[in-house]
Student: 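I have a structure here, written as structure tokens, and I will follow up with some questions on it.
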2 protein chains.
Amino acid sequence: MNIYDIAKEAGVSPATVSRVLNNHRNVKEETRNKILEVIKGKNYSPNMVARNLSVGISRNIAFMVPDIENPFFSKILHGISDKAMDNDYNVFMFGTAENTQREHKILDSLKIEMIKGLIIIPVSECDQETALRLEEFEAQGVPVVLIDRDIRNGRFDGVFSEDAEGAAGAVECLIQEGHRKIAIITGPSTSRPGHERLKGYKKALENHGIPVNKDYIICGNFMEEDSYKAMMKLLDMDDPPTAVFSSNNMTTLGCLRCLKERRLKLGRDISVVGFDDIKELEYTDTHLTAVTRPVYEMGCEAMRILERRFQDGEEMMGEKLIIQRNLVKTGLIKRGSEKHKEFQEEKQDE
Amino acid sequence: MNIYDIAKEAGVSPATVSRVLNNHRNVKEETRNKILEVIKGKNYSPNMVARNLSVGISRNIAFMVPDIENPFFSKILHGISDKAMDNDYNVFMFGTAENTQREHKILDSLKIEMIKGLIIIPVSECDQETALRLEEFEAQGVPVVLIDRDIRNGRFDGVFSEDAEGAAGAVECLIQEGHRKIAIITGPSTSRPGHERLKGYKKALENHGIPVNKDYIICGNFMEEDSYKAMMKLLDMDDPPTAVFSSNNMTTLGCLRCLKERRLKLGRDISVVGFDDIKELEYTDTHLTAVTRPVYEMGCEAMRILERRFQDGEEMMGEKLIIQRNLVKTGLIKRGSEKHKEFQEEKQDE
DNA sequence: GTGAAAGCGCTAACAC
DNA sequence: GTGTTAGCGCTTTCAC
């Protein structure tokens with residue numbers, strides 16, 4: 001069953017059927033109704049592959065994430081998906097497993113004709129291979145939107161968060177509680193969230209005249225295991241910190257595992273504030289204070305930017321006039337893990 | 001850049017290029033090398049859309065889940081994705097938000113030419129509309145594989161788990177701990193996991209001569225909110241249960257929220273065993289005992305079944321001879337939440 | 001072992 | 001307003 005069958009049945013040409021299918025003007029109301037009727041009667045639906053071949057573009061969006069199982073990314077996908085469905089786009093999801101090699105492979109296998117746009121959380125900010133491929137996509141007319149992580153020296157659209165501000169807020173909160181010995185478990189410095197959150201950490205300390213202690217800065221690579229080891233190292237120091245700022249949800253889990261093993265109580269023996277909330281903890285006695293952000297909305301926003309780019313592309317053939325880079329605001333939810341017994345006593349004196 | 005350009009450059013016909021591209025025999029080694037060389041040199045990659053149109057099928061798989069953010073489903077996606085990538089399939093993901101209407105809409109928008117196979121965790125086991133559509137796909141040569149949830153009276157392939165056995169094991173564990181008053185927060189009876197787990201619960205009680213108390217059976221709909229209310233109701237009973245079996249990860253979270261509010265300690269004031277583990281709890285003092293299963297592998301297995309069906313389809317044109325329905329085994333990880341102070345004292349006497 | 005040509009289903013100039 | 005026709009880029013008989 002194809003467009004010719006419908007045309008024959010309705011006594012018109014395939015072109016007219018096509019016009020009706022694509023809501024073109026210049027079709028007599030009568031003809032249109034007749035055709036619509038036949039379509040309904042025969043339960044016909046046009047072949048999208050043929051359509052894509054003919055017009056040269058599809059309605060598929062590719063979404064690439066470093067870790068499929070990380071709830072943070074699932075939430076973004078949720079936003080993208082919802083927005084995509086509203087506008088009849090389909091979303092391909094690809095997991096890069098935080099591996100640049102794999103990222104390149106996927107990018108290479110992604111034929112430009114297959115997708116209309118690409119939303120990506122790149123593994124690394126300075127990987128030239130990835131950057132090159134993304135530029136290639138844009139050059140071919142497939143817009144790229146970044147989320148959360150950036151591409152250094154790139155001219156890509158993106159949705160990011162106020163990482164530095166968020167981190168600073170978290171550290172500020174610890175300082176307010178009386179902490180002076182505050183450590184940070186960072187993400188890789190090759191990612192925007194990694195270095196920006198570190199910057200925020202330093203900024204907050206500086207603002208309060210607290211010198212930055214290099215030993216208190218340890219890299220957790222945004223991974224649980226590395227963070228676990230980092231936390232171990234911190235605890236074993238001669239002069240251990242009283243508080244730790246953890247750079248993302250994964251590193252926070254690593255901290256928690258370490259604390260659990262050492263039987264240290266959060267918000268009493270040691271303080272931890274994390275970037276990004278961990279939903280499940282709300283159901284437990286682990287009262288994590290965390291920097292929050294509108295994650296679902298970040299996904300929606302990425303789709304919005306992409307669609308705008310689609311329109312621009314139609315209007316003015318390439319030539320990116322404005323780069324759309326949106327920042328979402330962070331919040332801070334205090335739940336108690338920022339506290340510490342050492343400073344609580346002082347407070348009672350007040 | 002298309003197949004003609006390559007042909008011209010290599011001094012052959014497009015047909016020969018096509019043969020090389022598709023690894024056909026009957027191409028002189030020499031010609032083949034020449035063509036390969038040109039392809040590499042020009043960095044050509046064939047247009048998949050055109051190819052799909054020509055051969056009539058794509059390498060796209062659709063994956064439909066009730067809840068994009070549920071980690072259980074993310075893990076399945078991870079399995080599917082990995083297996084798909086190994087074999088050059090692309091995966092579309094769609095969230096139905098546990099809503100049959102939305103499920104139908106997505107199914108309808110999924111043109112058969114677009115996808116080669118469909119993996120779905122259907123919202124409901126008895127929704128005729130969905131069943132109809134799935135049968136339609138199969139009739140059109142697009143195989144369907146179910147995961148976790150079944151379609152009543154359907155003849156679909158699928159990967160399920162030993163729900164009844166798993167649930168029975170969990171309840172068994174509670175009984176061993178001394179519990180007699182054991183409640184269950186069920187999933188919807190319109191889903192295989194829902195009714196099978198209930199069946200397992202009953203079975204375990206019967207095995208130990210414990211009468212089934214209807215008041216102890218409350219539906220949580222596999223949703224946190226409903227489960228939270230269910231737990232409230234249980235706790236407010238005149239003769240409340242000492243233990244609760246929770247039918248999935250979401251209902252378990254509902255239980256935990258309720259317990260937290262009531263300031264009841266898990267594994268002391270009340271016992272809870274859940275179906276499906278909750279990873280994040282391992283980092284806390286909430287020592288949940290849970291029924292586990294190889295979730296990632298369930299995703300892989302679904303892809304494996306699908307691929308086998310693709311092969312069958314090529315060999316014998318439709319006619320499903322064997323239905324592939326695989327069951328994965330469940331395990332039980334005891335962490336302490338199955339215990340209860342009332343029975344610990346007895347134990348100490350022993 | 002290779003080439004010519006028809007066709008997959010749709011769209012969009014261009015003609016009428 | 002509507003029809004004719006030439007592609008979109010690839011595959012696949014059928015000849016040679």
Side-chain angles (χ1 to χ4, degrees), chain A residues 1-39 42-60 88 110-116 140-142 314 317, chain B residues 1-36 38-39 42-60 88 110-116 140-142 314:
Chain A
M1 161 104 42
N2 59 30
I3 203 169
Y4 287 90
D5 298 328
I6 303 298
K8 199 177 296 172
E9 182 87 8
V12 297
S13 78
T16 307
V17 179
S18 174
R19 289 196 186 93
V20 172
L21 251 21
N22 296 288
N23 281 316
H24 281 232
R25 57 228 138 263
N26 294 343
V27 181
K28 216 199 302 176
E29 196 56 27
E30 197 183 319
T31 341
R32 177 188 303 277
N33 290 142
K34 172 69 183 164
I35 293 173
L36 253 22
E37 202 173 301
V38 175
I39 288 177
K42 297 211 141 191
N43 206 307
Y44 161 80
S45 88
N47 183 320
M48 289 321 246
V49 176
R51 178 173 205 287
N52 290 347
L53 176 60
S54 188
V55 300
I57 52 149
S58 73
R59 294 193 75 79
N60 298 338
D88 281 324
L110 231 45
K111 305 298 175 303
I112 55 137
E113 328 81 37
M114 285 188 47
I115 57 169
K116 181 162 187 180
Q140 307 264 5
V142 177
E314 284 163 18
M317 279 317 291
Chain B
M1 162 105 40
N2 59 28
I3 204 170
Y4 286 90
D5 298 328
I6 303 298
K8 197 177 297 172
E9 182 88 9
V12 297
S13 78
T16 307
V17 178
S18 174
R19 289 195 186 94
V20 171
L21 250 21
N22 295 287
N23 280 318
H24 281 232
R25 58 230 133 263
N26 294 344
V27 180
K28 216 199 302 175
E29 196 56 27
E30 196 184 320
T31 341
R32 177 188 303 277
N33 290 142
K34 172 70 184 163
I35 294 174
L36 252 22
V38 175
I39 288 178
K42 298 211 137 192
N43 206 307
Y44 161 80
S45 90
N47 182 318
M48 290 321 243
V49 176
R51 177 172 205 288
N52 290 347
L53 176 60
S54 189
V55 300
I57 51 151
S58 74
R59 293 193 74 81
N60 298 339
D88 282 323
L110 232 44
K111 305 302 176 302
I112 55 136
E113 327 83 35
M114 284 187 46
I115 57 168
K116 180 162 188 183
Q140 307 263 7
V142 177
E314 284 164 18

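Values below: all heavy atoms of this structure, side chains included; hydrogens, waters and symmetry mates excluded. Each chain gets a letter, A, B and so on, in the order its sequence line appears, and its residues count up from 1.
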Student: Remember a base hit wins even if backbone is also touched, and classify A:Asn22 as base, sugar-phosphate or nothing at under 4.0 Å, heavy atoms.
Tutor: sugar-phosphate
Student: So, the side chain of A:Asn22 versus the backbone of A:His24: is there a donor-acceptor pair under 3.5 Å, distance only?
Tutor: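 The answer is no, because no donor-acceptor pair under 3.5 Å joins these two groups.
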Student: Ignoring the backbone of B:Thr31, work out which of C:dA4, C:dG1, C:dA12 is nearest its side chain.
Tutor: C:dG1
Student: Rounding to an integer number of Å, can you tell me how far B:Glu30 CD sits from C:dG1 P?
Tutor: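 Atom CD in B:Glu30 sits about 12 Å away from atom P in C:dG1.
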Student: For residues A:Leu21 and A:Ile3, determine if any side-chain heavy atom of one lies less than 4.5 Å from a side-chain heavy atom of the other.
Tutor: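 Yes; the side chains approach each other to less than 4.5 Å.
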Student: Which residue, B:Glu29 or A:Ser54, contacts DNA chain C at a nucleotide closer to its 5' end, judged by nearest heavy atom?
Tutor: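 By nearest-heavy-atom nucleotide position, the 5'-most residue is B:Glu29.
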Student: Can you tell me the distance, in whole Å, between the CD1 atom of B:Ile3 and the P atom of D:dG7?
Tutor: 18 Å
Student: Rounding to a whole Å, what distance do you find between A:His24:NE2 and D:dG1:P?
Tutor: 15 Å
Student: To the nearest angstrom, how far is A:Leu53 atom CG from D:dC8 atom C1'?
Tutor: 4 Å
Student: Ignoring backbone atoms, test whether A:Arg51 places a side-chain nitrogen or oxygen under 4.0 Å from the OP1 or OP2 oxygen of C:dT11.
Tutor: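 Yes, within the criterion.
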Student: It should be established whether B:Thr16 places a side-chain nitrogen or oxygen under 4.0 Å from OP1 or OP2 of nucleotide C:dT2.
Tutor: no
Student: Separation of A:Ile6 atom CD1 from C:dC10 atom P, in whole Å?
Tutor: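 In whole Å, C:dC10 P and A:Ile6 CD1 are 9 Å from each other.
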Student: Just wondering, do B:Val142 and B:Ile115 contact through their side chains at under 4.5 Å, heavy atoms?
Tutor: yes
Student: Taking OP1 and OP2 of C:dG3, is either one under 4.0 Å from a side-chain nitrogen or oxygen of B:Tyr4?
Tutor: no
Student: Quiz question: going by heavy-atom distance under 3.5 Å, is there a donor-acceptor pair between the base of D:dG3 and the side chain of A:Arg19?
Tutor: yes
Student: Could you tell me how far apart A:Lys111 (NZ) and D:dC10 (C1') are, to the nearest whole angstrom?
Tutor: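 My rounded result for the distance is 14 Å.
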Student: Any chance you could measure B:Arg19, atom CZ, to B:Ile35, atom CD1, to the nearest 0.5 Å?
Tutor: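 Between atom CZ of B:Arg19 and atom CD1 of B:Ile35 there are 9.5 Å.
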Student: Would you kindly give the CG-to-C1' distance between A:Asn26 and C:dT11, to the nearest whole Å?
Tutor: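 Nearest whole value for this atom pair: 16 Å.
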Student: B:Val12 near the nucleic acid: base, sugar-phosphate alone, or nothing, with a heavy-atom cut-off under 4.0 Å?
Tutor: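 Sugar-phosphate, no base atom in range.
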Student: Can you tell me if CD on B:Glu30 sees more than 12 non-hydrogen neighbours from other groups inside 6.0 Å?
Tutor: no
Student: Rounded off to whole Å, could you give me the CG-to-P distance for the A:Asn47 and D:dG9 pair?
Tutor: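 So the CG-P distance, A:Asn47 to D:dG9, works out to 17 Å.
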Student: By nearest heavy atom, map B:Lys28 and B:Ala50 onto DNA chain C; which one lands nearer the 5' end?
Tutor: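 Whichever sits nearer the 5' end wins; that is B:Lys28.
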